[in-house]
Structures are given as C-alpha cells and as structure tokens.
Amino acid sequence: MKKRTNGIIIAIDGPSGAGKSTVARLLAERLGYLQVDTGAMYRAAALLISRAGLDPADLTALEEFCRNIDISLEYSDGRQTVIANGIDVTDQIRTPEMSLLTSRISSLKPVRDALLKSQRQMGNGGGVVLEGRDIGTVVFPDAELKFFLSASAEERGRRRCEELSGNGSRVTLVDTIADVIKRDRQDSDRDIAPLRQADDAIAIDSSHLSVEDVIDKMVHLYREKISSTGNHI
Ligand code: DC
C-alpha cells in the first residue's frame with residue numbers, strides 16, 4: 001500500500017440523497033481527516049456557469065471558462081462553506097434547479113477536467129474523506145478504502161425533501177423522488193465518469209440504517225484496514 005503523508009484516502013461514492021455528505025462529515029470528524037465534498041464543487045461550478053450566462057453546449061467557451069474558475073471548501077464548527085471565485089455560494093448551490101443543472105454540466109469534459117485536477121491536489125496527501133460519484137473509479141482509483149453508499153430512491157427522496165423543507169424550500173415528496181430518479185439516470189448514463197460502484201468498494205445500503213450505524217461500520221472497516229496494512233499516521 002502506498003504511504004501517504006497524512007493518512008489514507010477514503011472514497012465515498014453513491015447516488016444523490018444516500019447520506020454521503022453527513023456520513024463523510026462525521027467520519028472525517030471521527031478520524032481527524034479532511035472532508036472534500038466534490039458534489040459541492042460541481043454545484044459551485046454550475047452556479048458560476050449559470051451566472052456567467054454560458055451555453056453549456058459551447059464546449060470551447062466552457063473550457064476557457066473552467067480553466068479560470070477557483071472553487072474551494074472551508075470547514076469550521078462542522079459547517080461547510082463553499083467559495084467560488086472568491087464569493088460564498090454555500091446557500092445558493094442547494095436549490096432543486098441547481099441540483100438538476102449540476103447533474104447536467106457535470107457530464108461535460110471541460111468541467112470534469114478542471115475539478116478533477118483540484119480534487120486530486122486536495123486528496124493526494126491522504127488523511128482525507130472524499131465523497132462524490134467517481135472518487136473510487138476515476139479521481140482516486142488507488143484509494144485505500146472505498147465505500148459505495150446507497151438507499152432506495154423513495155428513502156433518498158424522503159431525506160432530500162426533509163432537508164429542503166428544513167431550509168425553507170417549498171417542495172413535495174413526489175417531485176423530490178422524481179428529481180432523485182432523474183438525477184440518478186443522468187449521473188449513471190453519462191459517458192465520462194458515470195456513477196458506478198468500484199469493483200473494490202464496500203457497498204452499504206443505508207435505507208434501514210441510522211447515520212451512527214453507518215459511521216460505526218465505516219470506522220470499524222477503517223481500523224481493520226489500518227491494522228492490516230500498518231499504515232499508521
Ligand atoms: O452530491 P451532490 O448531490 O451534491 O452532487 C451534485 C451533482 O454533482 C450530482 O448530480 C452529480 C455531480 N457529481 C459528479 O458528477 N461527480 C462527483 N464526484 C460529485 C458530484
């Protein structure tokens with residue numbers, strides 16, 4: 001196993017609403033690791049593209065635009081702040097419209113190439129929990145520990161609806177489940193880096209598990225991995 005400076009790389013992939021962000025945050029806290037929410041980075045890119053009025057079909061303009069975007073994630077007191085080209089966009093990237101646009105633009109090569117580079121820079125030293133769709137397959141196929149977190153579309157829709165309602169959005173359960181299914185299809189059917197479970201990922205179905213159960217399972221597997229390889233930090 002590769003020795004990284006700060007610890008191992010933990011990849012958590014899975015469809016939207018499976019609980020990846022919550023789990024990644026708590027797991028990173030438990031292990032003293034950095035969390036990288038790659039979905040938030042794609043969301044921020046989508047917001048910048050939409051604000052710039054760019055036509056996502058114009059790949060040449062998109063490539064030029066993406067070469068100059070700067071997206072970073074900051075964490076303090078368990079809260080994530082997303083900065084895009086120097087502006088805090090944390091709240092604006094979570095609307096249902098932005099979710100669908102993100103799913104669309106994240107299928108485009110110029111966008112993926114730009115973000116792939118910064119994700120690799122952030123994770124390369126280890127000591128990091130990265131969550132997304134293609135972490136274990138494309139971003140870090142050599143990640144030491146990979147999870148594929150899923151749940152039924154109904155359960156994921158229910159969780160997403162609760163989260164959006166809690167943020168003051170007016171959404172219905174039926175629409176939210178439909179959005180989840182539509183995004184699953186867009187994310188899984190695209191040509192570049194589709195949502196797929198890596199061959200060596202450990203599948204966890206969170207439909208009937210609490211967040212604590214999922215974390216305990218992951219921490220247990222992390223400890224097993226560390227003790228079997230001697231990769232102590
Ligand atoms: O995890 P999320 O719902 O915030 O992700 C938003 C969108 O970004 C999702 O529809 C797919 C895309 N995405 C991606 O293509 N690759 C990633 N590594 C992370 C997210």
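Remark: D55 CG is packed, more than 12 non-hydrogen atoms of other residues, nucleotides or ligands lying under 6.0 Å away. R223 CZ: 12 or fewer foreign heavy atoms inside a 6.0 Å radius. Crowding of D189 atom CG: a count of heavy atoms from other residues, nucleotides or ligands under 6.0 Å exceeding 12.
The pair D113-R67 does not count as a salt bridge, with every side-chain nitrogen at least 4.0 angstrom from each carboxylate oxygen. Ion pair D91/R79 flagged as a salt bridge, since at least one NZ, NE, NH1 or NH2 atom sits closer than 4.0 Å to an Asp/Glu carboxylate oxygen. Using a 4.0 Å cut-off between charged nitrogen and carboxylate oxygen, R156 and D184 count as a salt-bridge pair. Under a 4.0 Å N-O distance rule, the pair E144/R4 qualifies as a salt bridge. Salt bridge present: R159 and E155 bring a charged side-chain N and a carboxylate O closer than 4.0 Å. A salt bridge links D37 to R94: one of the charged nitrogens lies within less than 4.0 Å of a carboxylate oxygen.
Side-chain N or O atoms of K20 include none that pairs as donor or acceptor with a backbone N or O of L149 at under 3.5 Å. The backbone N or O of C161 lies less than 3.5 Å from a partner atom in the side chain of S165, making a donor-acceptor pair. Put simply, the side chain of Y33 gets close to the backbone of I8: a donor and an acceptor are under 3.5 Å apart. Although no hydrogens or angles enter the test, the distance criterion places a donor-acceptor pair under 3.5 Å between the side chain of S207 and the main chain of S152. R183 places no side-chain N or O within donor-acceptor distance of the main-chain N or O of L100, the cut-off being under 3.5 Å. At distances below 3.5 Å, at least one donor-acceptor pair connects side-chain atoms of N85 with backbone N or O atoms of D70. Looking at S227, its side chain does come within 3.5 Å of a backbone N or O of E224 through a donor-acceptor pair. Checked by atom type and distance alone, the side chain of T176 never pairs as donor or acceptor with a backbone atom of G157 at under 3.5 Å. When atom types are taken as modelled, the side chain of K146 and the backbone of G136 share a donor-acceptor pair closer than 3.5 angstrom. Of the possible donor and acceptor atoms, none in the side chain of D13 sits under 3.5 Å from a partner among the backbone N and O of F148.
In summary, the side chains of Q80 and T90 do not present any donor paired with an acceptor at a separation below 3.5 Å, with no hydrogens or angles considered. Side-chain atoms of R43 and S99 include a donor-acceptor pair closer than 3.5 Å. Defined by atom type and a distance below 3.5 Å, a donor-acceptor pair is present between the side-chain atoms of D213 and S210. A donor-acceptor pair shorter than 3.5 Å cannot be found between the side chains of N167 and S169.
The nearest pair of heavy atoms linking L73 to A40 is CD2-CB, 4.1 Å. Taking all atoms of both residues into account, the shortest heavy-atom contact from P15 to L195 is CA-CD2, 3.8 Å.
Annotation: side chain of I71 is not in contact with side chain of S118 (no heavy-atom distance under 4.5 Å). You'll find the side chain of M218 stays beyond 4.5 Å of the side chain of V129, heavy atoms only. Between S188 and R196 there is no side-chain heavy-atom pair separated by less than 4.5 Å.
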Check step by step if salt bridge (Lys or Arg N to Asp or Glu O under 4.0 Å) holds for D179 and R160.
CA-CA 10 Å; D179 277 359; R160 189 63 97 194; over 6 Å; no
Under the criterion side-chain contact (heavy atoms from CB on, under 4.5 Å), I'd like the reasoning laid out for L26 against E29: C-alpha separation, chi angles, the key distance, then a yes or no.
CA-CA 5 Å; L26 295 173; E29 265 173 35; 4.0 Å; yes
